[in-house]
Amino acid sequence: MADTHHPSLRQVITQIADQLCDTIDNNFDIHVSVDTQDTEGQKLALLVNFLLENVRRSLTDMQSLNEQLEDKVKERTSLLDLILAGSNDGVWIWDIAKDELTLSGRWYSMLELPHDANTQSPEFWYQQIHPADRERFSNAIRRLRKGESEHLNVEYRVKTTRHGYRWMLCRGVCQKDNQQQCSIVAGTQTDISAMRIFDQESGMPNERYLRERVEDALDEQQPLFLIYVTVENIDAILNASEHASNARLYPVIQERLNQVNGVHLVASKLSAITFAVMGFESELTQSGLTIEDVCQQIRDNCANTHNTFKEDARFEVAVGAVASSMLKVDQSQQLINYAWSALRRARQLGQTCIFTETHITQDSRRIRVEQELRRSLMQNALAPDYQAIYAGKTKQLIGFEALARFRHPELGIVSPGEFIPIAEDSGLMRELGYAILDRTIETIQTWQSNALRNHPFYIAVNVSAIQLEDLYFADNVLAKLEGAGVDPQRLKLEVTESTLVESFKSAALQLDKLRQNGVRIALDDFGTGYSSLSYLRSLSIDTLKIDRSFVAKLHENEQKAAIIKTVYELATQLKLSVVAEGVEEVEELNFLNNIGDMAIQGFLLARPMPAEQAIAQVSQHHN
Amino acid sequence: MIGIIQQVLLELLEEKGGEELKQRVLKRAHVDPSVNYRIDKNYSDDECLRLIAASVEETGFTESEVYALYASAFLKKAQALFPRFFEIADDSEGFLLRQARIHAVMASGLKQQEERQHVNDKFSASPIEPGKVRVIYRSPNGLCRLYQALAFEVASLYGDEIEFDEPCCMHKGAVHCEFIITWPNKRQEVVHG
Ligand code: HEM
């Protein structure tokens, strides 16, 4: 059938097959043509072309789909890049199977490392982390990989090349393979040092920062010193000037605290008025300075009136300091405690305090006293001593003064000079005041119905400024008196001038109320304090107590004698009674008697004693 | 194994020793004497390996002699069936680079996806540099000697000279065979040209 002009069907098939062989090079852009009259051959060619056409179309579709996808990926990648660049976060990808870590350029620069490797081992990361944080980090990664947590969220410190450790927050998620195994973990790393370690209000480093720096230094066995500074008059400065605001004041303070030549200091803000300055002892040695020098320099800086928002205003500061090498401290908390202790002393003494070995022993005694004082107050085991007060000329008993005493089986007798400041520091003054007052009212109640049944007398009790700040102080006292069936006349409250200075208005209000109800008021320590006369005018009182410092050896000192005479005259004119304190010698008593009628308190006539002894002695005296 | 391999072997036996030799080999290999191998069907690998072994034994030739004869017969047949494959390639390098894909074309005749995959997995060829090709061959049949014979035959078909190196071989415990085929003349062109 096949002739020379018309190829056989077999030849047609070969023609088609041969042409199709080009597809081996992925070339589908071919059109199969056959040179035949045979319809079956033409049909085959036609269908093969149809097939090829479909392949081409599918390929083009796939290609454009691919391009679209690529565009999308590109777009999203650049968007992601933008977001990441904006967020300033480092990016990490951990291929678990390959145990390979890919880190972004930002990741490296956060640690101030060169970006010189495409991939790293996970160990590399681990090594950058602070040894104390490594376990937390690996635990978090393990929990994520085990599926115990959905997200990675862990904070740790990394060592930067130039700036020590910085805090990072690491977040991530894991991608699971078909077996639900974690195959890739990826996420970001954010530098949160600033958030963690800066005080929002002032922009200064905070206590956490200080603590970490101290820990680092002690870990690296680098001796350091801490200087704690309280600016006592921040409120006054703020109130005095319209321009001053916390935000403007803190930078000024920071500057004062940092600037000591030759030593690099970092100041942190611990509270609204207290700051810490940290530095290294090695720098002191290098610049030939002592810690005392640095404290003094800071004091001088603070005394400078420049830029304090108000003319002549200066920062009044208390400065307490401690050096780690002096005390062989190896724990940060300990050093910080010492610094606080030094500052407390400095505030009490009004001068710089450098913490030493001696202070450690004192501190432990202080802590013990505070504990025991607290316990005694709770157990109501605190009882005052009573010192009798007599009329100077007639030697008649007039009354007593209740004096706070702290006797302890192990600590022995703790003097008021020791435990009152401790009570003040630890906020126990109110409680202490009420405890003494309660016991005193009880004592009056006992004595008025027994030993002193037919004898007029009063007991005087000291009142502190804190008690007088209490709006209900007068009401409380009156209620206690009523409850005990004690005539208010029998109670005398003694206030000092310094108590009144602290809160004159509220104190005057309370005292007035008490006085209107019969309680008598004495002004204690008269002559030692401020502009005493103005108080006498504006405060309604009954008694003036002349301080012992005027009484001591007054017969040998004309000036003292003159003062007492004047005070006595003034008092009588104002219709105030007078009590002379601290009378220890007969000559003093005689001298005072010569001036006029006064009540006498002092060792010469009676020492302070526990209630039973005091009343026993009084009876003896009478006899 | 796709039938073309066995078909060429049986035709070669018939050509060299007539129907009688072919039947002896079939018998020795325990293969149905009336077997008719097709180029679009898959047959047992083991059967093919038995036929090759029986051919060596019945002809008294060495294995390499059999492969050499086979290679030339196979390529003659391949050229007749697919002349276009030989035209597309400019030289033996181009052809050997396409060999794995030619196998894939042949595999497309098989019905089952796994069967096709099995064929495709055996070879992968990639250029290292002009005049140097690496071929990875992994197959339980271990026919690297056959590959070598075929490669040399292809080279002589194009009038090329090749160097054949097998840095690792399944017969020596490797997971696959690796062939490095070099065209020394071509490489000189690259270096000097
Ligand atoms: C147009 C040329 C070629 C065709 C059509 C062709 C076709 C085939 C086919 C269909 C198989 C059976 C595959 C299987 O079932 O797994 C095969 C096997 C094989 N071919 Fe080729 N081939 C060609 C060229 C070559 C060349 C040039 C070489 C070597 C340089 C080669 C080496 C081999 C080897 C070694 C096997 C056996 C593989 C095994 O089962 O392990 N072939 N060939």
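The chains referred to below are lettered A, B, ... by the order of the sequence lines, with proteins before strands, and numbering in each begins at 1.
For A:Cys21 against B:Phe82, the heavy-atom pair with the smallest separation is SG-CD2, 4.2 Å.
Within 6.0 Å of atom NZ in B:Lys76, 12 or fewer heavy atoms from other residues, nucleotides or ligands are found, so the atom counts as exposed in its surroundings. Heavy atoms of other residues, nucleotides or ligands lying less than 6.0 angstrom from CZ of A:Phe28 number more than 12. Counting heavy-atom neighbours within 6.0 Å of A:Arg134 CZ, excluding the residue itself, gives a total above 12. Heavy-atom contacts from other residues, nucleotides or ligands closer than 6.0 Å to CG of B:Asp32 number more than 12.
If you take CG on A:Asp22 and CD on B:Glu87, they are separated by 9.0 Å, rounding to the nearest 0.5 Å. A distance of 4.0 Å separates CG of A:Asp25 from CZ of B:Arg98, quoted to the nearest 0.5 Å. With rounding to the nearest 0.5 Å, the separation of CD1 in A:Ile24 from CZ in B:Arg84 is 11.0 Å.
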